[in-house]
Amino acid sequence: MSNPMDSPDAENKDSTGKELPHNTATQSTTRKEPQSRSSMWPLPSISVTRHPSGKFSPQTDERCFSYCSQTTRGRTEGREPTCRSVCFRRVFAHEVRTAIAHDDALKEKAAQKEYGYPLPPEGQPNVGNLSTPKSDDIRYWEEGWYLWTSRSRWATQERLDLMMWDLDHQDHWQRHKDEVQKQWDDYWAEHQRQSGEQFHSTPTDGDNIQLEGTPYPVDGQLFPKQEARHPWQESTLVKLPPPLTPLLEPIHDLLSPSFKVLTTLQRSFESGAHAELAVRMWEKARTPDPFVLASTVCRKMWEKWKEGPPDSDTTSDL
């Protein structure tokens, strides 16, 4: 015999077997649902969220502030606007860890990668020199804060674009720019040789060369614009806090005599010379010699006092 409570229609029947209205069954089912925790606990809840760390962290690692100004005459003559930019960059530990070369193009850079990623040209020593610094003088990114400043709007635009890339992509971009610059130098040297002009002269106004740092077709090839100064020569990149050695050197030179005196005084204390001098002074003070000296000085002063001032004739003769 089947149990009537097991049939689907049993849900809509009461204990006597009578059929219940559909809405009544729905209400009884609804009343059986457990209440939510928010309705049972009206107090505000506290949720703890842990953000991911490493390269997926939402923490801000760079902020840039830039402003530009232009004059009426500069606008009429088509001059570059005057721009100033300041960026604060924080480099985390996971960004400067040793990179592993996965392709042949990076295997030759493996020895360099052991030290990390090199700083851009504006962060290397001898910024005004176009030559590449020696391997011993190359500076690399380190964990900490960096300050970047520039007066070039081209460098500012590039900096804003580099905010989308990590240090590895920025290093690739810098090596690409170096290769393009080398191609341009070779092209310009050949152009000067063929035209018979001086090697270090500047391009003429008729040369079809435009945006600096951006590939532009020149005689069917890609070369950047030739400028008297590169954008990175108007930019600086320093680690915060800056080294205090240059600031402390003048102070050290000024106080070096005092340091020598203090060193000599310390050595005399350590050798016991001052203790010996104090003992001798105490022994001498207990003898009648100091009192005899003091009485003699007082007697001489009293005699001079009684004699009065010297005569005017004697003074004139002197």
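Because the structure is a prediction, the values reported are computed rather than measured. For this chain, numbers begin at 1 and follow the sequence in order.
- Sorted by first and then second residue, the salt bridge (charged side-chain N to carboxylate O under 4.0 Å, His left out) pairs with a member in residues 69-80 read R73-E77, E77-R79, E80-R153; sequence neighbours excluded.
- Under the rule for a ring pair (Phe, Tyr, Trp, His ring centres under 6.0 Å), F56 has no partner lying at least two apart in sequence or in another chain.
- Clustering of Ile, Leu, Val, Met, Phe, Trp and Tyr by side-chain heavy atoms under 4.5 Å joins W282 with none of the others.
- In this pair, H169 and H172 present their aromatic rings tilted. The plane angle is within the 30 to 60° band.
- Scored by the ring pair (Phe, Tyr, Trp, His ring centres under 6.0 Å) test, F88 finds no partners at all (sequence neighbours excluded).
- In this view, T82 satisfies the side-chain hydrogen bond (donor to acceptor under 3.5 Å, both in side chains) rule with no residue, not counting sequence neighbours.
- Legend: residues meeting side chain to side chain contact (heavy atoms under 4.5 Å, CB included) with E303, ordered by chain and number and at least two apart, are R299, K300.
- Taking D178 as the reference, Q174 meet the side chain to side chain contact (heavy atoms under 4.5 Å, CB included) condition, with sequence neighbours excluded.
- Legend: residues meeting salt bridge (charged side-chain N to carboxylate O under 4.0 Å, His left out) with D61, ordered by chain and number and at least two apart, are R89.
- When the salt bridge (charged side-chain N to carboxylate O under 4.0 Å, His left out) test is applied to K284, the partners found at least two apart in sequence or on another chain are D289.
- Between E190 and R193 there is a salt bridge, with a side-chain nitrogen of the basic residue lying less than 4.0 Å from a carboxylate oxygen of the acidic one.
- Listed by chain and number, the residues in a side chain to side chain contact (heavy atoms under 4.5 Å, CB included) with Y67 are R84 (sequence neighbours excluded).
- Residues that satisfy the side-chain hydrogen bond (donor to acceptor under 3.5 Å, both in side chains) test with E62, not counting sequence neighbours, are R159.
- Q59 is linked by a side chain to side chain contact (heavy atoms under 4.5 Å, CB included) to S57, R90, F92, counting only residues two or more places apart in sequence or in another chain.
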